[in-house]
Amino acid sequence: MSGEHVLICVAWPYANGPLHLGHVAGCYLPPDIQYRFERAMGNRVLMVSGSDEHGTPITVTAETQGITPQAVVDQYHEMNLKALLDLGCSWSTHLDPRGAEYGGALFNRTSDPDHKRMVQENFRALETGGFFERKTTEQYYEVNEDGTGRFLPDRYVEGTCPACGADGARGDQCDACGATYEAVELKNPVSKMNPSATIEIRETDHLFYRLDLFQDALEQHALNQQSSWKSNVKAMTKQWLDMGLRPRAVTRDLEWGIPVPLDGETWGGKCIYVWFEAVQGYSTCARIWSKTHAPSLPEGEETWKRWWCVAENGTMPRHLYFLGKDNIPFHTVIWPALILGLNHVHKGGTASEPVSLPGPGEFALESNVPAMEYLMLAGGQFSKSRKHAVWLPSFLERYDPDTLRYYLSINMPENHDTDFNWPDFVERVNSELIAAYGNFVHRVLTLGARLPHEEGASPFAAHDGHSSVEAHRAHLEGALGDITTSLQRHRYKEALRAIMTVAQYGNQVLQNAAPWKHLKEPQDGADESLAALAFCWRIARFLAITTQPFLPTSAQRLWSTLGNDDDVSAMAWQESVNWDAPLTWSAETPQPLFQRLDLDEILAAEQNLVEEGPESDAVHGVKGGKKKGGKKVKEEIEGITYLEFETFMKVNLRVGRILSVEDHPNADKLYVVRLDDGTDDGRTICAGLKAYYEPEEMEGKLVVFVENLKPRPLRGVTSEGMMLAADDGNDGVRLVTIDGDIAPGSQVR
RNA sequence: AGCGAGGUGGGGUAGUCUGGAUAUCCCGUCGGGCUCAUAACCCGGAGAUCGAUGGUUCAAAUCCAUCCCUCGCUACCA
């Protein structure tokens, strides 16, 4: 197994905002654990990723902030890379200390000129091979007053729905009636970014990648991977393949990206579609790595091929892709189709010949895609727009990175969504990481320090290797086997749990041996007792080596405390059960590995953060949310407890009389209600009351409605407000009506 | 309503793909021990008809069918 080439591919974070804990748990922490583990196993590991820096959202951010797109991506590239490094991820290990032939890591970016050049080369090669087809499409074009203009992506256009006539329909789909249509069918289109501009429809040519030509090969590939892929990966991939693959656009009318490398006026002002381009970063990054960091090797700039190509004897490099569940088909269908296409044209093939799976010398496809589900925050999804997130940079400013790595690993969304919340975080860190593991090694070291020993020499020297520890040795060797198997199967939770169980085992050994009895004067049984203590030092050493992939910072602290001056990440995995390893010892007084966390303090700090934020209304710091009430605390930090009085008064409630109730022409559950609201025109409200009221029951009633709710089309009828009704959550719904008689339009407050 | 995920002692969970005997771990709880250690550590107890029903099987938390409920996204939620 040793010496295998392993390529670890990490999904490229979009350089349009900071990373949050959901990203970390989903795709940035697991690959780092794997990288460190594979290295310890003696494999040759190359890890690649970087910032995804092109595409329309970034230009939008730039426009809103009044800066250039390059400034936006520079800012977030730097911020995200720093956060990942602060988290202890190995991106600064450009070259493996064992030598360049053992690999390294590179966190690149898609604005890298080499990346652009390589993508353009690949683009031309696929074009020459006939894998693109050209189609003319119609797109929106925004014309400014000075005559300049640009094409607009569908999502930046809105207008009137051609099917139901509702306003506010998006470029390609109507939210009101659900109709989908060609973007150009929309009536009265308006640019969201620039409402005053004239919108025209212009023809524009684009190239499409012939995904359909890869259907058979990809189905075969998916079949081959059945035994190794996780069930969510299998399911998502199957869904895509069953739908049938269709050509997919690879060019875009877009300013911020890699220019289409073809001659002719048609292609001016067009860029390569981001999906086609960024995903190639997995290979361009490896090539750039070998160019910058491995020129001294025999193959020089071609070194990357050791990780990318099938060897002449048929040996496959192992390719692992780490990503979130939303990205699965992209990496099991689309990216493999590109790899196969490149293989095909590199050996001189064209699109008219059938494509085949990789053979010797060709680019390999993925071995496994250990995709994660989502990490939720206090029961809800992380959301940038709702500011419902814990940002990685701000977390790392305040807390030990290993506490986060521990909690996210032991709680990793491997098989289903899991939840991050502060009470649970504090609980697990304090009781598992600190009380079980941290406390164990501290006990061993302080006990050792109290044993009589010469300055600088190990106090355990006289007690090591006693025959009574045989069983303990076997136990740890067994545990190491389990941990190794778990990690090879990408079961991180299980692996870390097994490591923590070893710490627990250590506590038991200590408890049974009770070596403290012999500190002052040896009593009966001192030999065996102190032999057990000496073995506990070896357990601590075992823990330093095995926690290293998960908790690199504290593992190194422990390693140094144990009296080593080298780097624990360079230790071979098997070294953890080397019972002949020298008994190193540090003369310094042992310090606890971790600081205990205090929930009240943390909640107070997080509360301040929320209040400092720009949208801090509706947050009251509620003190006294002591330990237990997990639910209660959740609500507080989500900031949804109290409403400011002014906020409440923004809601205008008025009385209206129901004039008529009709069935919605296009919806099963809705009534269209005409209301006398005291104005001449009256108003129309859609209400989902069909299940609870007959029209006759409602007509004539005086009800309360929200006057200033933003009108919104519902299935083609614009609803101008909302009638208040009580809902017992148990199928009982009743309208709020007025006691006695009062004029429609009266204010309610 | 559609898609996705899930229902396991008081709370949070492992195990489910690959069926096997007393169902895992953390917290809480009750009792005992230890006193080296960061209010930490160790031992023991109580507490679960594994969402429901039916089926397959010598054997089901695990496989199949039907149903109920919860959550996320979508939405005829206003």
Side-chain angles (χ1 to χ4, degrees), chain A residues 173 175-178 226-227 229-232 234-236 239 325-326 373-374 376 379-383 410-411 413-419 421 423-424 426-436 438-451 491 493-494 497-498 500-501 503-519 529 533 536 590-597 627-631 663-673 685-691 705-706 709-725 727:
Chain A
Q173 187 181 2
D175 285 336
C177 69
Q226 286 301 302
S227 59
W229 282 356
K230 289 169 43 164
S231 62
N232 58 350
K234 285 190 268 198
M236 298 284 273
Q239 210 172 339
K325 65 176 165 188
D326 50 332
E373 300 285 321
Y374 286 144
M376 313 294 268
Q381 196 152 21
F382 276 77
S383 160
I410 206 73
N411 197 21
E414 286 171 9
N415 298 316
H416 55 78
D417 296 349
T418 59
D419 193 57
N421 64 73
D424 194 39
V426 171
E427 178 81 50
R428 303 202 78 146
V429 167
N430 279 346
S431 74
E432 298 173 20
L433 183 65
I434 301 182
N439 188 44
F440 166 68
V441 298
H442 195 234
R443 292 173 87 180
V444 175
L445 293 169
T446 47
L447 281 167
R450 290 188 180 195
L451 281 176
R491 298 180 171 211
K493 279 199 265 216
E494 190 177 86
R497 168 66 50 212
M500 288 300 133
T501 306
Q504 212 167 32
Y505 183 77
N507 274 321
Q508 290 166 1
V509 172
L510 264 192
Q511 190 65 35
N512 293 332
W516 45 88
K517 287 181 186 167
H518 312 290
L519 284 181
S529 173
L533 175 58
C536 284
Q591 296 298 317
L593 259 189
F594 302 99
Q595 290 294 317
R596 278 180 66 84
L597 301 176
K627 285 86 191 163
K628 321 210 167 158
K631 276 260 166 62
D663 286 353
H664 192 292
N666 196 22
D668 302 333
K669 292 183 182 171
L670 292 181
Y671 283 134
V672 179
V673 179
I685 291 181
C686 294
L689 293 172
K690 254 190 180 175
F705 69 93
V706 182
L709 196 59
K710 187 179 177 186
R712 157 120 191 228
L714 290 173
R715 286 242 145 200
V717 176
T718 301
S719 180
E720 307 162 304
M722 171 175 175
M723 292 190 294
L724 266 44
D727 183 343

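All chains are named by letter (A, B, ...) in the order of the sequence lines, taking the proteins before the strands, and each is independently numbered beginning at 1.
Heavy-atom distances to RNA chain B give each of A/Ala503 and A/Gln595 a nearest nucleotide, and the one nearer the 5′ end belongs to A/Gln595. Ranked by how close their nearest RNA chain B nucleotide is to the 5' end, A/Arg497 and A/Ile434 are led by A/Arg497.
Rounded to the nearest Å, the gap between the P atom of B/rU53 and that of B/rC76 is 38 Å. With C1' as the reference atom, B/rU22 and B/rC50 are 16 Å apart, rounded to whole Å. Rounded to whole Å, the separation between the C1' atoms of B/rA61 and B/rU24 comes to 13 Å. B/rC64 sits 24 Å from B/rU49 when the P atoms are compared, rounded to a whole Å. For the C1' atoms, the distance linking B/rU35 with B/rA40 amounts to 11 Å, nearest Å. Nucleotides B/rG28 and B/rG20, compared at atom C1', are 32 Å apart to the nearest Å. If you take atom C1' in B/rG4 and the same atom in B/rG9, they sit 29 Å apart, rounded to whole Å. Comparing the P positions of B/rG15 and B/rG51 gives an interatomic distance of 15 Å, to the nearest angstrom.
Across the protein-nucleic acid pair, A/Glu427 atom CD and B/rG12 atom C1' stand 10 Å apart, rounded to whole Å. Atom CD of A/Glu494 is separated from atom C1' of B/rU16 by 13 Å (rounded to the nearest Å). Separating the OH atom of A/Tyr671 from the P atom of B/rA78 is a distance of 13 Å, rounded to the nearest angstrom. Protein atom CZ of A/Arg491 is 12 Å distant from nucleotide atom P of B/rU18, rounded to whole Å. Spacing between atom CG of A/Asn411 and atom P of B/rC25 amounts to 18 Å, rounded to whole angstrom units. Taking atom CG of residue A/Leu445 and atom P of nucleotide B/rA40, one finds them 20 Å apart after rounding to whole Å. Across the protein-nucleic acid pair, A/Ile410 atom CD1 and B/rC26 atom C1' stand 9 Å apart, rounded to whole Å. To the nearest angstrom, C1' of B/rC27 lies 13 Å from CG of A/Asn421.
With sequence neighbours excluded, no residue satisfies salt bridge (Lys or Arg N to Asp or Glu O under 4.0 Å) with A/Glu414. Legend: residues meeting side chain to side chain donor-acceptor pair (under 3.5 Å) with A/Glu427, ordered by chain and number and at least two apart, are absent. Residues meeting the ring pair (Phe, Tyr, Trp, His ring centres under 6.0 Å) test with A/Trp229, sequence neighbours left out: A/His221. A/Ala498 meets the side-chain contact (heavy atoms from CB on, under 4.5 Å) test with A/Ile483; sequence neighbours excluded. Residues satisfying the side-chain contact (heavy atoms from CB on, under 4.5 Å) criterion with A/Asp417, sequence neighbours excluded, are A/Lys325, A/Glu373, A/Tyr374, A/Met376. Checked against side-chain contact (heavy atoms from CB on, under 4.5 Å), A/Ala436 has no partners two or more places apart in sequence or in another chain. Considering only residues two or more places apart in sequence or on other chains, A/Glu494 meets the side-chain contact (heavy atoms from CB on, under 4.5 Å) condition with A/Ser486, A/Arg491. Residues that satisfy the ring pair (Phe, Tyr, Trp, His ring centres under 6.0 Å) test with A/Phe594, not counting sequence neighbours, are absent from this structure. Evaluation of the side chain to side chain donor-acceptor pair (under 3.5 Å) rule for A/Asn411 yields A/Tyr407 as partners, not counting sequence neighbours.
Checking B/rA78, B/rG15, B/rA40 against the side-chain heavy atoms of A/Ile685 singles out B/rA78 as nearest.
Here A/Lys493 reaches the OP1 or OP2 of B/rA14: one of its side-chain N or O atoms lies under 4.0 Å away. Taking 4.0 angstrom as the limit, A/Arg596 places a side-chain polar atom (N or O) nearer than this to OP1 or OP2 of B/rA40. Residue A/His416 places at least one side-chain N or O under 4.0 Å from the OP1 or OP2 atom of B/rA14.
Residue A/Leu519 holds its CG atom at 12.0 Å from NZ of A/Lys517, rounded to the nearest 0.5 Å.
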- Query: When Watson-Crick pairs (N1 to N3 and N6-O4 or O6-N4) and G-U wobble pairs (N1-O2 and O6-N3) count only below 3.5 Å on both distances, what is the dot-bracket string of RNA chain B, with | for other-strand pairs?
  - Reply: ((((((((.[[[..)....(....]]].(((((.......))))).....[[[[[..)....]]]]])))))))....

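Residues A/Arg497 and A/Glu432 are in side-chain contact: their nearest non-hydrogen atoms beyond the backbone lie under 4.5 Å apart. With contacts defined as side-chain heavy-atom distances shorter than 4.5 Å, the pair A/Arg428/A/Leu433 does not qualify. Taking the side chain as every heavy atom from C-beta outward, A/Leu724 and A/Phe705 never approach each other to under 4.5 Å.
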Are any protein N/O atoms closer than 3.5 Å to N/O atoms in nucleotides 43-46 of chain B? If there are, list each pair with its distance.
| from | atom 1 | to | atom 2 | distance (Å) |
| --- | --- | --- | --- | --- |
| B/rC43 | OP1 | A/Gln508 | NE2 | 3.0 |

Polar-atom pairs under 3.5 Å, protein N or O versus N or O of nucleotides 30-37 of chain B: list them with distances, or write none.
| from | atom 1 | to | atom 2 | distance (Å) |
| --- | --- | --- | --- | --- |
| B/rG33 | N2 | A/Gln511 | NE2 | 3.3 |
| B/rC36 | O3' | A/Arg450 | NH2 | 3.4 |
| B/rC36 | O2 | A/Arg443 | NE | 3.1 |
| B/rC36 | N3 | A/Arg443 | NE | 3.1 |
| B/rC36 | N3 | A/Arg443 | NH2 | 2.5 |
| B/rC36 | N4 | A/Arg443 | NH2 | 2.9 |
| B/rA37 | OP1 | A/Arg450 | NH2 | 2.9 |
| B/rA37 | O3' | A/His442 | ND1 | 3.4 |
| B/rA37 | O2' | A/Asn439 | OD1 | 2.5 |
| B/rA37 | N3 | A/Asn439 | ND2 | 3.4 |
| B/rA37 | N3 | A/Arg443 | NE | 3.0 |

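Using a 4.0 Å heavy-atom criterion, one finds that A/Glu373 contacts no nucleic acid atom at all. Counting non-hydrogen atoms under 4.0 angstrom, A/Tyr374 reaches nothing in the nucleic acid.
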